[in-house]
Engineer: 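Pasting a structure below so you can have a look.
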Amino acid sequence: MTLALHNTLTRRLEPFQPLAPPRVTLYTCGPTVWNYAHIGNFRTFLFEDLLRRYLEFSGYDVFHIMNLTDVDDRTIKAAAAAGKRLEEHTAPFVEAFFADCDYLRIRKAHVYPRATQSVPAMVRLVQRLLDAGVAYRGEDGSVYFAIAKFPSYGRLSQLDRREIKIGARVASDEYAKDDPRDFALWKRADPIDERVGAAWDAPFGRGRPGWHLECSAMSLDQIGKCCRVETLDIHAGGVDLIFPHHEDEIAQSEAATGQPFARYWLHGEFLKVGGTKMSKRFGNFLTARDLREQSVDAAAVRLLFSQTHYRRALDFSDEALAAAGQGVKRLGEFRDRLVRAGGPATPDGRLAALAARFESDFRAALDDDLNAPRACAALFELVHDGNGALDAGAAGGAVARDALDRAMAVLDVLPTPRAVEPGFAGWVDERIAARDKARGAKDFREADRIRAELKAKGVEIEDTPSGTKWRMV
RNA sequence: GGCGCCGUAGCCAAGUGGUAAGGCAGAGGUCUGCAAAACCUCUAUUCGUCGGUUCGAUUCCGACCGGCGCCUCCA
């Protein structure tokens, strides 16, 4: 079994073969830190987290680069509106982004190059394109990429099969370009750029990088430094980036290096709300901090997103999130039960057999273009059959627990342990002891009263053959 | 107008040219003092509609209806 991934470049499922295994260079388009990222943005980052984790699970040595776009039109506009310098405005959003990633258990990239700190690499790339004759200075002083000089332009987005809508809108800089489709590599600095500190000197004029340029320059810079290559194994992002962002990245990068920019392009679908794309523009968004403030377990978000394939739009709702929360709880209960089911395995090896089947199904599902919904189905089959085996007296939970834990290195959907104050835990134990005493004396009214008392404090109890268990809900 | 995606039970959602995974919710049962948890049973003869190809289609083709996305900042 080998991993196959859907490559946007070919619109096909392809066996995954990195340039120099076991190394895999992975570049994922990160957030634009002009504001808080919403969970639609995080759906993409979580899909990339799944990809990253599964590559590592499969034995690859992943070098993961995620950029932070801290200078672009929106960032400048927002900084100017707030009367702040660029870095002053973006700093809290950068911090919030990392906090949100931690909350959602997103594995850290190895490097987070920032656009404002990568200007020299961008200037070098623009110069290289000017030298190669595929870029030119427009009448407005900006530098543009000449699409006519790059014949394969449009391959990723199948632009060759499209018609550009004529007369829909006329870009303000259109008069400065040779061809309306040409895009800016370097934008001449205007007074607002200067005011917020978004302007740098370059041989071809003082200005700032175009959005597409940032990703090309940062990714090539990073993989050049780490691996001395000019081709990424995987480049991933949201579907909305296919055109023009990724198309333009390919043009710039390949025109400069003469090498394929990325071998595999992966794109995650949108998160929707009531049938419409979640977007800042529509105001129908929810941030990770909103969920955290509602005490939503990040595991529920992870499970919810894992239960829909990454190339399929997912409609978000509180009901769906709550349903995932129930699933997470069930997984946690099962793992606790496995831990309690110690001792040597029963002779028929039921749990071991279930664990083996699960691991095989789990891999097969994820090998098939990261089919996490199927992996989740395998997981719940393990829970169901495992519970049945335990009910029937199977012991030796360690095998199944190990299999579960290995899978969790990829999905990571077990409940977040709740921190409980020692004093509170002591009080709960005391109450439970009192209840057990009442139960022993057949005083069930008192026992039920104590249970209600605990419930009011958020403590749920469960009587088991080995005593009374409790948990926070 | 161009390009593309989707339409599967109450909700969410996999999937296959050979007769529908999984999760949540619901009903009944076992267990329990009662619960909880867990397990058992039940819950789509059917996969938007209409045609076509086929021995056979939810799965392939066509048309239509409905929803969405990109073509402009966008995860």
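No experiment lies behind these values; they were computed from the predicted model shown. Letters A, B, ... mirror the listed sequences (proteins, then strands); counts begin at 1.
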Engineer: Please list each protein N or O that sits under 3.5 Å from an N or O in nucleotides 14-16 of chain B, with the distance.
Structural biologist:
residue : atom : partner  : partner atom : Å
B:A14   : OP1  : A:His309 : N            : 2.8
B:A14   : OP2  : A:Arg312 : NE           : 3.2
B:A14   : OP2  : A:Arg312 : NH2          : 2.8
B:A14   : O3'  : A:Asn371 : ND2          : 3.3
B:G15   : OP1  : A:Asn371 : ND2          : 2.9

Engineer: Please give the distance between the C1' atoms of B:A44 and B:G7 as a whole number of Å.
Structural biologist: 15 Å
Engineer: By the 4.0 Å heavy-atom rule, please label A:Thr32 as base, sugar-phosphate, or nothing.
Structural biologist: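 Sugar-phosphate contact only - A:Thr32 comes under 4.0 Å of backbone atoms but never of a base.
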Engineer: Is the phosphate of B:A75 approached by A:Arg74 (side-chain N or O, under 4.0 Å from OP1 or OP2)?
Structural biologist: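 True: A:Arg74 side-chain N/O within range (under 4.0 Å) of B:A75 OP1/OP2.
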Engineer: Identify which nucleotide among B:C34, B:G4, B:A75 has an atom closest to any side-chain atom of A:Gln158, counting heavy atoms from C-beta outward.
Structural biologist: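 The answer is B:G4.
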Engineer: B:A27 and B:C64: how far apart are their C1' atoms, nearest whole angstrom?
Structural biologist: 39 Å
Engineer: Provide, to the nearest angstrom, the distance between the CG atom belonging to A:Asp240 and the C1' atom belonging to B:C5.
Structural biologist: 14 Å
Engineer: Looking only at atom P, what distance separates B:C50 and B:U8, rounded to whole Å?
Structural biologist: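 Rounded to whole Å, the distance is 16 Å.
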Engineer: Quick one: does A:Arg451 reach the base of B:A35 with a side-chain donor-acceptor pair under 3.5 Å?
Structural biologist: yes
Engineer: Using the C1' atom as the reference point in each nucleotide, state the distance between B:G67 and B:G26 in Å, no decimals.
Structural biologist: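 Their C1' atoms lie roughly 28 Å apart.
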Engineer: Heavy atoms from C-beta onward define the side chain here; which of B:A38, B:G22, B:G33 lies closest to that of A:Arg435?
Structural biologist: B:G33
Engineer: Does A:Asn387 reach the main-chain N or O of A:Val383 with its side chain, forming a donor-acceptor pair under 3.5 Å?
Structural biologist: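 Here the side-chain-to-backbone pair exists.
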Engineer: Would you mind pulling out the nucleotide paired to B:A21, Watson-Crick or G-U wobble, both distances under 3.5 Å?
Structural biologist: none
Engineer: So, are A:Asp336 and A:Arg471 salt-bridged, with charged N and O less than 4.0 Å apart?
Structural biologist: no
Engineer: Give one of base, sugar-phosphate or nothing for A:Phe380, where a contact means two heavy atoms less than 4.0 Å apart.
Structural biologist: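 Counting heavy atoms under 4.0 Å across all strands, the contact made by A:Phe380 is with sugar-phosphate only.
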Engineer: By the definition side-chain contact (heavy atoms from CB on, under 4.5 Å), identify the one residue from A:Leu104, A:Leu46, A:Thr44, A:Leu50 that meets it with A:Phe305.
Structural biologist: A:Leu46
Engineer: Determine the Euclidean distance between corresponding C1' atoms of B:C65 and B:G23; express it in Å to zero decimal places.
Structural biologist: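 Comparing C1' positions in B:G23 and B:C65 gives a spacing of 30 Å.
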Engineer: Taking only the side-chain heavy atoms of A:Phe444 (C-beta and beyond), determine which of B:C39, B:C24, B:G33 contains the nearest atom.
Structural biologist: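 Taking heavy atoms from C-beta onward, the closest nucleotide is B:G33.
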Engineer: Nearest to the A:Ala323 side chain among B:C24, B:A38, B:G33, which nucleotide is it?
Structural biologist: B:C24
Engineer: May I ask you to verify if any side-chain N or O of A:His384 is less than 4.0 angstrom from the OP1 or OP2 atom of B:G23?
Structural biologist: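 So the side chain of A:His384 is outside the cut-off, no N or O lying under 4.0 Å from OP1 or OP2 of B:G23.
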Engineer: Select one nucleotide: of B:A75, B:A21, B:C24, the one nearest the side-chain heavy atoms of A:Glu381.
Structural biologist: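 The closest nucleotide is B:A21.
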Engineer: Measure CZ/A:Arg208 against P/B:C73 and give the value in whole Å, please.
Structural biologist: 12 Å
Engineer: Considering just the side-chain nitrogens and oxygens of A:Arg445, establish if one lies under 4.0 Å of OP1 or OP2 belonging to B:G33.
Structural biologist: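 Indeed not, no polar side-chain atom of A:Arg445 lies that close.
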Engineer: Counting only side-chain N and O atoms of A:Gln326, is one of them less than 4.0 Å from OP1 or OP2 of B:A25?
Structural biologist: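 The answer is yes; a side-chain N or O of A:Gln326 sits under 4.0 Å from OP1 or OP2.
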Engineer: Looking at every strand, decide which applies to A:His267 at a 4.0 Å heavy-atom threshold: base, sugar-phosphate, or nothing.
Structural biologist: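 If one applies the 4.0 Å heavy-atom cut-off, A:His267 turns out to touch nothing in the nucleic acid.
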Engineer: Across the strands shown, which category fits A:Asn387 at heavy-atom distances under 4.0 angstrom: base, sugar-phosphate, nothing?
Structural biologist: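 A:Asn387: backbone/sugar contact only, no base atoms under 4.0 Å.
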Engineer: Atom CZ of A:Phe243 and atom P of B:A75: how far apart are they, to the nearest Å?
Structural biologist: 16 Å
Engineer: For residues 370-384 of chain A, pull every pair meeting side-chain hydrogen bond (donor to acceptor under 3.5 Å, both in side chains), keeping only residues two or more places apart or in separate chains.
Structural biologist: A:Asp368-A:Arg374
Engineer: Let me spell it out: for each of A:Asp385 and A:Glu48, pick the nucleotide of RNA chain B with the closest heavy atom. Which residue's pick is nearer the 5' end?
Structural biologist: A:Asp385
Engineer: Roughly, in whole Å, what's the span from CG in A:Leu241 to P in B:C71?
Structural biologist: 10 Å
Engineer: Please state how far atom CG in A:Leu382 lies from atom P in B:A38, giving the value in whole angstrom units.
Structural biologist: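 The distance from CG of A:Leu382 to P of B:A38 comes to 14 Å, rounded to the nearest Å.
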Engineer: Which nucleotide wins on minimum distance to the side chain of A:Arg439, given the candidates B:C34, B:A38, B:A75?
Structural biologist: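 So the side chain of A:Arg439 is nearest to B:C34.
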Engineer: Which part of the nucleic acid, if any, lies within reach of A:Leu304 when heavy atoms closer than 4.0 Å are counted: base, sugar-phosphate only, or nothing?
Structural biologist: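 Answer is nothing: A:Leu304 stays at 4.0 Å or more from every strand.
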Engineer: B:U32 and B:C39: how far apart are their C1' atoms, nearest whole angstrom?
Structural biologist: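 Comparing C1' positions in B:U32 and B:C39 gives a spacing of 14 Å.
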Engineer: Of the nucleotides B:C70, B:C73, B:A38, which has the atom closest to the A:Phe270 side chain?
Structural biologist: B:C70
Engineer: Where the side chain of A:Lys277 is defined as all heavy atoms beyond and including C-beta, which of B:G69, B:A36, B:C39 is the nearest nucleotide?
Structural biologist: B:G69
Engineer: Is a donor-acceptor pair below 3.5 Å formed from side chain A:Asp463 to base B:C34, judging by atom type as modelled?
Structural biologist: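 Donor-acceptor pair under 3.5 Å: yes.
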Engineer: Distance between the P atoms of B:U41 and B:A21, in whole angstroms?
Structural biologist: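 Those two atoms are separated by 14 Å.
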Engineer: Under 4.0 Å, counting only non-hydrogen atoms across every strand here, what does A:Gly40 touch: a base, just sugar-phosphate, or nothing?
Structural biologist: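 Base contact.
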Engineer: If I take atom CG in residue A:Asp336 and atom P in nucleotide B:A37, what distance separates them, rounded to the nearest angstrom?
Structural biologist: 14 Å
Engineer: Please work out if A:Thr276 contacts a base, only the sugar-phosphate, or nothing of the nucleic acid, heavy-atom cut-off 4.0 Å.
Structural biologist: sugar-phosphate
Engineer: Need one value for A:Arg311: base, sugar-phosphate or nothing, where a base atom within 4.0 Å counts as base even if backbone is also close, heavy atoms only.
Structural biologist: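 The answer is nothing, as A:Arg311 stays clear of every strand by at least 4.0 Å.
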Engineer: Using 4.0 Å as the upper bound for N to carboxylate O, is an ion pair formed by A:Glu446 and A:Arg449?
Structural biologist: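 Salt bridge flag = yes for A:Glu446 with A:Arg449.
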Engineer: Can a side chain N or O of A:Arg449 be found less than 4.0 Å away from OP1 or OP2 on B:A35?
Structural biologist: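 No, A:Arg449 has no side-chain N/O under 4.0 Å of OP1/OP2 on B:A35.
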Engineer: When you compare B:C61 with B:C5, how far apart are their P atoms, in angstrom units rounded to a whole number?
Structural biologist: 11 Å
Engineer: Base, sugar-phosphate, or nothing for A:Leu390, non-hydrogen atoms under 4.0 angstrom?
Structural biologist: nothing
Engineer: When we call it a touch if two heavy atoms are under 4.0 Å apart, what does A:Lys469 touch: a base, just sugar-phosphate, or nothing?
Structural biologist: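 The residue A:Lys469 makes no contact with any strand.
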Engineer: Could you tell me whether the side chains of A:Arg74 and A:Thr69 share a donor-acceptor contact shorter than 3.5 Å?
Structural biologist: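 Absent: no donor and acceptor within the cut-off.
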Engineer: Are the side chain of A:Glu247 and the backbone N or O of A:Ser157 linked by a donor-acceptor pair below 3.5 Å?
Structural biologist: yes
Engineer: Is A:Asp369 salt-bridged to A:Arg311, going by a charged N under 4.0 Å from an acidic O?
Structural biologist: yes
Engineer: Without hydrogens or angle criteria, can the side chains of A:His64 and A:His110 be said to hold a donor-acceptor pair below 3.5 Å?
Structural biologist: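 No.
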Engineer: Do the side chains of A:Asp193 and A:Lys187 get close enough for a salt bridge, i.e. N-O under 4.0 angstrom?
Structural biologist: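 Judged by the 4.0 Å cut-off on N to carboxylate O distance, A:Asp193 and A:Lys187 do not form a salt bridge.
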Engineer: Between B:C68, B:A37, B:C40, which nucleotide gets closest to the side-chain atoms of A:Arg471?
Structural biologist: B:A37
